[in-house]
Amino acid sequence: MTNTVGSYRYGLPIFGLVGGLVISGCLAQQADLRQTNRELQKTHQELQHKIQKAKEEIDRMVGETRARLAEEIRSVKEEQLP
């Protein structure tokens, strides 16, 4: 019976210590996940901004190319008219 009481005497504090370590590890991991999530959101926003700028640049270039080609077509048609 003394062995049972003795094992409870040492087992409970050890269980509490191990539980505390596990919980503190989980909290640290949760903080790391939050930080990683913030970094990913920031990177996502930056990439979305770059994508938007690239789309705008492409639209501008397409517009300029269309205008230039339309002018070239008009010029060739005028040259070919008798």
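Starting from 1, each residue takes its place in the sequence as its number.
- In this structure, NZ in Lys42 is found 12.0 Å from CG in Leu40, a value given to the nearest 0.5 Å.
- In this structure, Lys50 does not pair ionically with Glu46, as no charged nitrogen and carboxylate oxygen lie closer than 4.0 Å.
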Begin with the C-alpha distance, continue with both residues' side-chain angles, and end with the deciding distance and a verdict on side-chain contact (heavy atoms from CB on, under 4.5 Å) for Thr65 and Leu69. CA-CA 6 Å; Thr65 302; Leu69 291 174; 3.8 Å; yes
Using the rule given for side-chain contact (heavy atoms from CB on, under 4.5 Å), can you reason through Lys55 versus Ile51, listing the C-alpha separation, both sets of side-chain angles and the distance that settles it, and then say yes or no? CA-CA 6 Å; Lys55 285 180 179 179; Ile51 288 169; 3.8 Å; yes
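- Applying the 6.0 Å contact sphere to CZ of Arg66 captures no more than 12 heavy atoms from other residues, nucleotides or ligands.
- Other residues, nucleotides and ligands place more than 12 heavy atoms under 6.0 Å from the CD atom of Glu57.
- Residues satisfying the side-chain hydrogen bond (donor to acceptor under 3.5 Å, both in side chains) criterion with Glu39, sequence neighbours excluded, are Gln35.
- Taken from CD in Glu78 to CZ in Arg74, the straight-line distance is 8.5 Å, to the nearest 0.5 Å.
- Separating the CD1 atom in Ile73 from the CZ atom in Arg68 is a distance of 10.5 Å, to the nearest 0.5 Å.
- Taking CD of Gln41 as the reference point, atom OG1 of Thr43 lies at 10.0 Å (rounded to 0.5 Å).
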